[in-house]
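Written below as structure tokens is the structure these notes are about.
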Amino acid sequence: MAKTARTTTGELQSLVGQQVGVSKWFEVSQARIDAFADCTEDRQFIHVDPDAAQATPFGGTIAHGFLTLSLASAMSYDAVPPLEGVSMGINYGFDRLRFLAPVRAGSRVRGRFRLLSAEDRGAGRWLLKHEITVEIEGDDKPALIAEWLGMQVIAD
């Protein structure tokens, strides 16, 4: 499905089980990791101290799992065609989330989205569940896989 396309509520059920988009690559630089550490006050050495992290099995600094997860919003905006008539989308949470592989500083990641379900909740609200797989460029194992819930509110 092209990024510029819009999806109608009538099309949602036919898209269940389908891949609906793949985002561009996002760089996970050391500067981005450091900024996330400052924002969240999680300054564990494996994220922010390249010298100390060199001695770990990772061989250098890695992104916070929650940093990788937080990029899902930007990935979604880039990859998932918007639902026609939506006035706002609300993060509704996760049913499942697994961090599978570390994202090393300097790596690039992207999100692959598959629509798992679309539930009409009435009053112009649709609960969508997407599986997001965050891939690491050049790695066979993804950084994470999650079932992400989003409430889409259709404007009156």
Side-chain angles (χ1 to χ4, degrees), residues 1-42 47 58 61-156:
M1 193 170 238
K3 179 182 178 313
T4 56
R6 291 193 174 273
T7 303
T8 66
T9 56
E11 297 171 307
L12 283 173
Q13 293 308 317
S14 68
L15 294 173
V16 170
Q18 305 288 322
Q19 178 175 288
V20 294
V22 178
S23 76
K24 68 181 181 181
W25 291 103
F26 289 81
E27 184 180 356
V28 183
S29 65
Q30 187 63 53
R32 179 173 267 178
I33 294 169
D34 292 343
F36 190 84
D38 289 343
C39 179
T40 61
E41 298 187 23
D42 179 355
H47 306 304
F58 303 121
T61 55
I62 60 170
H64 306 72
F66 288 136
L67 166 55
T68 305
L69 180 62
S70 73
L71 291 172
S73 291
M75 292 172 183
S76 174
Y77 293 138
D78 185 61
V80 178
L83 190 57
E84 194 171 88
V86 165
S87 62
M88 68 178 158
I90 302 165
N91 186 356
Y92 207 68
F94 293 88
D95 277 349
R96 296 183 57 97
L97 169 62
R98 294 291 181 267
F99 296 105
L100 302 172
V103 176
R104 289 170 176 76
S107 296
R108 295 189 332 154
V109 295
R110 72 176 176 188
R112 185 174 299 275
F113 294 83
R114 185 166 62 101
L115 183 62
L116 296 178
S117 64
E119 182 182 334
D120 183 351
R121 289 286 186 95
R125 298 172 303 132
W126 283 82
L127 182 62
L128 304 184
K129 182 192 297 188
H130 287 93
E131 175 186 80
I132 176 174
T133 302
V134 176
E135 302 170 338
I136 306 167
E137 189 174 40
D139 281 356
D140 291 334
K141 195 170 192 178
L144 68 84
I145 297 176
E147 292 180 3
W148 187 15
L149 301 169
M151 183 67 73
Q152 303 296 304
V153 180
I154 309 291
D156 289 336

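Heavy atoms only: backbone and side chains are in, while hydrogens, waters and symmetry mates are out.
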>> With side chain to side chain contact (heavy atoms under 4.5 Å, CB included) as the criterion, how do L97 and L144 come out once you've worked through the C-alpha distance, each side chain's angles and the decisive distance to 0.1 Å?
In response: CA-CA 7 Å; L97 169 62; L144 68 84; 4.3 Å; yes
> Can you check side chain to side chain contact (heavy atoms under 4.5 Å, CB included) on V134 and R110, steps first, answer last?
Replying inline: CA-CA 5 Å; V134 176; R110 72 176 176 188; over 6 Å; no
>> Under the criterion side-chain hydrogen bond (donor to acceptor under 3.5 Å, both in side chains), I'd like the reasoning laid out for W148 against N91: C-alpha separation, chi angles, the key distance, then a yes or no.
In response: CA-CA 8 Å; W148 187 15; N91 186 356; 3.1 Å; yes
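Within the 4.5 Å cutoff, side-chain heavy atoms of R121 are placed close to those of M151. By the 4.5 Å heavy-atom criterion applied to side chains, R104 and T61 are not counted as neighbours. Under the 4.5 Å side-chain criterion, counting only non-hydrogen atoms from C-beta, L12 is in contact with L128. No side-chain heavy atom of F113 sits under 4.5 Å from any side-chain heavy atom of V22. Within the 4.5 Å cutoff, the side chain of E147 has no heavy atoms near those of the L149 side chain. In this structure, E135 and V109 have side chains that are not in contact, with every pair of non-hydrogen atoms separated by 4.5 Å or more.
Atom OG1 of T133 sits about 13.5 Å away from atom CZ of R98, to the nearest 0.5 Å. Here CH2 of W25 is found 9.0 Å from CD1 of I136. Values are rounded to the nearest 0.5 Å. Rounded to the nearest 0.5 Å, atoms CG (L69) and CE (M75) are 9.5 Å apart. Atoms CD and CG, on Q13 and D120 in that order, are 9.0 Å from each other to the nearest 0.5 Å. Here the straight-line distance linking atom OG of S29 with atom CG of D34 works out to 8.0 Å at 0.5 Å rounding.
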What side-chain donor-acceptor pairs closer than 3.5 Å can you find for residues 80-90, not counting sequence neighbours?
from : atom 1 : to   : atom 2 : distance (Å)
S87  : OG     : V153 : O      : 3.2

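R112 and Q19 are linked by a side-chain donor-acceptor pair at a separation below 3.5 angstrom, with hydrogens and angles left out of the test. Of the N and O atoms on the side chains of T8 and E11, at least one donor lies less than 3.5 Å from an acceptor on the other residue.
Side chain of D78 to backbone of S23: no donor-acceptor contact under 3.5 angstrom is found. A donor-acceptor pair under 3.5 Å is formed between the side chain of T40 and the backbone N or O of F36. Checked by atom type and distance alone, the side chain of R125 never pairs as donor or acceptor with a backbone atom of I154 at under 3.5 Å.
Pairs passing the side chain to side chain donor-acceptor pair (under 3.5 Å) check and including a residue from residues 137-146, sequence neighbours excluded, read R108-E137.
Across all their heavy atoms, I132 and A72 have their closest contact at CD1-CB, 3.7 Å. Closest of all the heavy-atom pairs between T68 and A63 is OG1-CB, 3.9 Å. The two residues L115 and S117 come nearest to each other via the heavy atoms CD1-O, 3.4 Å. Considering every non-hydrogen atom in both D95 and K129, the closest pair reads OD2-NZ, 2.9 Å.
Shown here is F94, whose CZ atom has more than 12 heavy atoms of other residues, nucleotides or ligands within 6.0 Å.
The ring-ring contact (aromatic ring centres under 6.0 Å, His included) check on H47 picks up H64, with sequence neighbours excluded.
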